[in-house]
Amino acid sequence: MAWLTAIVLFAEAIGIALVNWYMGIVVDRQDMSLAGLDPAVMSTSSKVAGLVFGLYFAFCAVVALRVGLRGRAPSGPGRLLLLSAAVVHGLLGAFTVGLVGWGAFAFMMVVLALIVLVLVSYDPRETAVSDAKADGGPAGDGPADGGPTDGGPTDGGPSDAAGDEAAGGGKGAAPVGPPAPTAP
């Protein structure tokens, strides 16, 4: 999923840079002003905007590629970059319906769906666990990690099965309440 998203975002980065560059050339050759704006300024701004958006989508593609290579959810700035790209594609999709047509809208929605799937397909808790294991810190509740071996409650809290169920582990065990009080 992340690989496909990276490929689509790279293609989109190249496409948007080329389209804006071409628009800049067209504006420059027509030598017409729009509401008194200088054609050279409009041409240059179109080319610069194409390069900026192209680099933006290329960075998003690099983040998606890293997700695909590492097999973990994006975190920190990479996650924010993909979230912003999802918002941009949602807005662009809304604008392209009226300006370009339903085909462009469908493309924007497909790219939006791919970005959202990259963001939600990978479990961020697995990323934290694998990072903790790589750093040598505690990563789980098994015997090798210093956790309980009998599956019973620890420190008066719920048992490991209930903790896994509450955390979304879903091992099929019913939640277990705290132990019954004992008589003095």
Side-chain angles (χ1 to χ4, degrees), residues 1-134 164 166-170:
M1 181 81 56
W3 291 89
L4 178 62
T5 305
I7 291 168
V8 169
L9 285 172
F10 272 126
E12 188 177 14
I14 292 168
I16 203 148
L18 289 177
V19 165
N20 277 303
W21 195 269
Y22 178 73
M23 287 179 11
I25 291 171
V26 168
V27 167
D28 194 33
R29 288 187 181 165
Q30 283 187 351
D31 200 29
M32 296 172 61
S33 68
L34 179 67
L37 294 174
D38 184 23
V41 172
M42 290 190 316
S43 172
T44 304
S45 63
S46 177
K47 292 175 182 177
V48 169
L51 291 175
V52 168
F53 270 107
L55 287 173
Y56 170 69
F57 288 135
F59 285 140
C60 293
V62 167
V63 170
L65 186 64
R66 280 192 69 192
V67 169
L69 288 172
R70 297 171 71 192
R72 297 189 306 180
S75 61
R79 185 167 186 82
L80 291 175
L81 191 65
L82 286 179
L83 284 170
S84 70
V87 170
V88 165
H89 279 84
L91 292 172
L92 285 176
F95 291 133
T96 57
V97 168
L99 297 174
V100 182
W102 288 101
F105 172 77
F107 174 76
M108 288 296 160
M109 293 303 105
V110 166
V111 178
L112 172 64
L114 287 171
I115 293 170
V116 169
L117 283 173
V118 167
L119 287 168
V120 300
S121 292
Y122 298 92
D123 189 5
R125 291 175 292 172
E126 289 177 9
T127 303
V129 168
S130 62
D131 286 345
K133 282 183 180 180
D164 287 342

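FYI, side chains are in, hydrogens and waters are out, and symmetry mates aren't considered; it's all heavy atoms of this structure.
- Contact of the Ser43 side chain with the Lys47 side chain is registered, since non-hydrogen atoms from C-beta on lie closer than 4.5 Å.
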Which donor-acceptor pairs under 3.5 Å do the side chains of residues 84-94 make with protein atoms, sequence neighbours left out?
from: Ser84; atom 1: OG; to: Tyr56; atom 2: OH; distance (Å): 2.7
from: Ser84; atom 1: OG; to: Leu80; atom 2: O; distance (Å): 3.4
from: Ser84; atom 1: OG; to: Leu81; atom 2: O; distance (Å): 2.7
from: His89; atom 1: ND1; to: Ala85; atom 2: O; distance (Å): 2.8
from: His89; atom 1: NE2; to: Glu12; atom 2: OE1; distance (Å): 2.7
from: His89; atom 1: NE2; to: Glu12; atom 2: OE2; distance (Å): 2.9

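- The two residues Ala13 and Gly54 have their closest heavy-atom pair at CB-O, 3.2 Å.
- The distance from the CG atom of Leu55 to the CZ atom of Phe59 is 5.5 Å, given to the nearest 0.5 Å.
- A distance of 8.0 Å separates CG in Leu114 from CG in Leu9, rounded to the nearest 0.5 Å.
- Taking both residues in full, the closest heavy atoms of Gly68 and Trp3 are given as O-NE1, 3.5 Å, listed atom of the first, atom of the second, then distance.
- Inter-residue side-chain proximity for Phe105 and Val100 is flagged as unmet; no heavy-atom pair is nearer than 4.5 Å.
- Ala64 and Ala2 get closest at one heavy-atom pair: O-CB, 3.4 Å.
- Annotation: the span from Ile115 atom CD1 to Leu119 atom CG amounts to 7.5 Å, rounded to 0.5 Å.
- The distance from atom OG1 of Thr44 to atom CG of Asp28, rounded to the nearest 0.5 Å, is 7.5 Å.
- Here the side chain of Ser46 pairs no donor or acceptor atom with the backbone of Met42 at under 3.5 angstrom.
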Steps toward side-chain contact (heavy atoms from CB on, under 4.5 Å) verdict (Ile14, Phe57): CA-CA 9 Å; Ile14 292 168; Phe57 288 135; over 6 Å; no
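- Counting heavy atoms from C-beta outward, Leu18 and Tyr22 have side chains that stay 4.5 Å or more apart.
- Taking a 6.0 Å sphere around CZ of Phe53, one finds it holds 12 or fewer heavy atoms contributed by other residues, nucleotides or ligands.
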